[in-house]
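Written out below as structure tokens is the structure these notes cover.
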Amino acid sequence: MMVMGIKGNQLPEQDREETLEQRLKRQGVSRRGFLKFCAAAASAMALPPSMVPAIAAALGSVTRPSVIWLSFQECTGCTESLTRSHLPTIESLIFDAISLDYHHTLQAAAGQAAEEAREMAMEKFKGEYLVLVDGSVPMADGGIYSTIAGISNIDMLRDTVENAAAVISVGSCAAFGGLPNAEPNPTGAVGIGDLMEMGEIASKPLINVPGCPPIPVVITGVIAHYLTFGTIPELDHLHRPKSFYGDTIHDRCYRRTFYDQGKFAESFDDEGARLGWCLYKLGCKGPTTHNVCATTKWNEGTSFPIESGHGCIGCSEPKFWDAGGFYEALSEPTGALGTAAKTAVGVGVAAGALSAWQNLSKRSGAAAEREKVTIDDLEQK
Amino acid sequence: MSTLDAISIETEPFVDINDGSGAQAILREIERLLEHLIDNGEEGVIDIKTIPLSLHEHEQLHYVLGRGELTATLNSMGKSIVHETAIAGVWRTIHYNDDGDVIADLIEVTTLPEILKSDLTDMQNALDELRKRIETEQPLIV
Ligand code: SF4
């Protein structure tokens with residue numbers, strides 16, 4: 001269904017100049033339907049619903065920007081996630097609100113025709129097009145470990161980013177290097193922000209949308225924000241939109257009541273697990289992970305890992321892949337505190353936080369790149 | 001057994017652990033918004049979908065607000081249901097997509113939700129349409 005929208009050709013000029021509202025109207029969508037779309041978009045953008053009139057006004061006037069989506073060292077999970085987005089008109093958002101001029105997985109064109117489509121879009125919309133990237137970029141041995149049409153990923157990225165308006169890194173691989181970057185990182189994989197810092201590619205406004213994969217409506221929400229307002233949303237120090245990554249999973253977790261009471265499941269099949277107690281001691285990385293899984297949830301709002309009885313693995317944080325075992329119990333310190341801390345964990349929050357901090361501190365290399373969490377931080381939350 | 005529905009599934013009882021304070025907080029916010037609407041005529045809206053509420057809190061919230069006498073259904077890009085709660089000026093709007101998934105769940109504090117009002121451009125187009133229909137005495141201009 002989605003492939004039909006992408007021909008790998010340039011869109012007719014009149015189509016590009018049509019606003020989203022005009023296009024929806026032409027398709028028989030009423031003004032009320034349009035307002036409904038805006039309400040869903042506000043929700044997806046994590047904007048207050050009072051912004052709906054502003055969104056409606058903006059979408060009634062913006063025309064479709066050209067988007068080039070580059071896929072490098074990745075598993076296509078981010079695209080899979082996006083195509084399962086459940087906005088009412090995701091096809092409208094992707095195919096009507098933007099002109100997706102290049103996307104390996106979704107486009108019908110292949111080979112030379114596909115590369116020509118990318119080059120034409122770059123030429124015609126110089127300085128205006130948006131670049132979306134999923135996957136990390138291998139830098140070892142001249143970047144030979146991943147090529148497309150004989151062009152190394154770094155060369156294609158350098159060329160494409162040069163005249164882009166902004167770059168959105170979709171997924172933890174593009175944002176932070178991801179699994180290809182895991183030690184010993186044989187391909188020298190790095191994220192897009194790293195390449196900008198290294199001076200390997202032009203520095204452009206960058207939005208990171210990490211997650212392995214990111215939540216579909218977070219991807220569409222960020223694209224929708226750019227489309228609607230023509231600006232990038234407010235970002236944190238890791239270039240993540242604060243509206244989606246401002247809180248930790250722990251901040252919004254429905255098991256938080258048990259955390260606060262010091263009630264922790266000790267194994268996946270004990271009484272505590274059955275009663276829905278906190279998964280902290282089973283390795284939950286919720287306290288150090290910024291994302292909206294606990295509210296937006298997955299699979300069309302069905303649930304999220306913690307609701308299914310598994311701790312958060314921290315997939316939207318840098319180096320989550322090298323930050324110790326997913327089941328390494330943050331509340332079971334192996335360092336200096338030993339038994340004293342273990343006993344204390346059983347009696348409450350402060351001790352849990354203390355051992356978490358100790359465990360986090362222990363993981364020096366990988367942990368150095370993650371956000372530091374102190375006892376005070378956790379206690380304040 | 002030809003469909004998935006034919007396979008019996010046993011579910012464990014859902015343990016709802018929240019203490020319900022989320023519903024109380026939202027109700028207080030609605031109280032503040034309604035005061036504001038009455039005093040200043042300013043409307044307010046809360047997106048329930050983005051707030052982490054337990055099933056119990058959801059039930060508590062909607063139990064307290066109750067159901068009023070007016071319900072409207074919109075069929076555009078999936079169904080939407082708009083109803084006034086038993087508290088005048090407090091409306092609930094639930095938007096569904098074509099698959100029936102909730103895509104927005106709003107509590108609107110207003111005299112009439114925007115989505116129910118007729119749009120000026122639509123009315124202007126409709127006026128032309130009406131004139132044509134009067135002339136042809138036909139319900140539809142093909
Ligand atoms: S530690 Fe994990 S399961 Fe426990 S409250 Fe925090 S996020 Fe939820």
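Throughout, protein chains are lettered first and strands after them, A, B, ... in sequence-line order, and every chain is numbered starting at 1. Note that the structure is a prediction, hence the values are computed from the model and not measured. What you see below is based on every heavy atom in this structure, not just the backbone, and it leaves out hydrogens, waters and symmetry mates.
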Worksheet item: Roughly how far, to the nearest 0.5 Å, is the OG1 atom of A:Thr295 from the NZ atom of B:Lys49?
Response: 9.0 Å

Worksheet entry | Partner set under salt bridge (Lys or Arg N to Asp or Glu O under 4.0 Å) for A:Lys297, not counting sequence neighbours | A:Glu307

Worksheet item: Can you name the closest pair of heavy atoms from A:Arg32 and B:Leu116 and give their distance?
Response: NH2-O, 3.2 Å

Worksheet item: Between A:Lys36 and B:Gly78, is there a donor-acceptor pair closer than 3.5 Å when you use the side chain of the first and the backbone of the second?
Response: yes

Discussion item. Counting neighbours of CD on B:Glu135 that are heavy atoms of other residues, nucleotides or ligands and sit closer than 6.0 Å, is the number greater than 12?
Written reply: no

Fill in: Side chain / backbone / both / neither for B:Ser118 at chain A, heavy atoms under 4.5 Å
both

Fill in: Toward chain A, the part of B:Leu74 with a non-hydrogen atom under 4.5 Å
side chain

Worksheet entry | Residues which pass salt bridge (Lys or Arg N to Asp or Glu O under 4.0 Å) with B:Arg67, listed by chain and number, not counting sequence neighbours | none

Worksheet item: Quick one: are A:Arg31 and B:Thr121 in side-chain contact, heavy atoms under 4.5 Å?
Response: no

Item to complete: Kindly give the heavy-atom pair with the smallest separation between A:Gly33 and B:Ser76, and that separation in Å.
Response: CA-OG, 3.1 Å

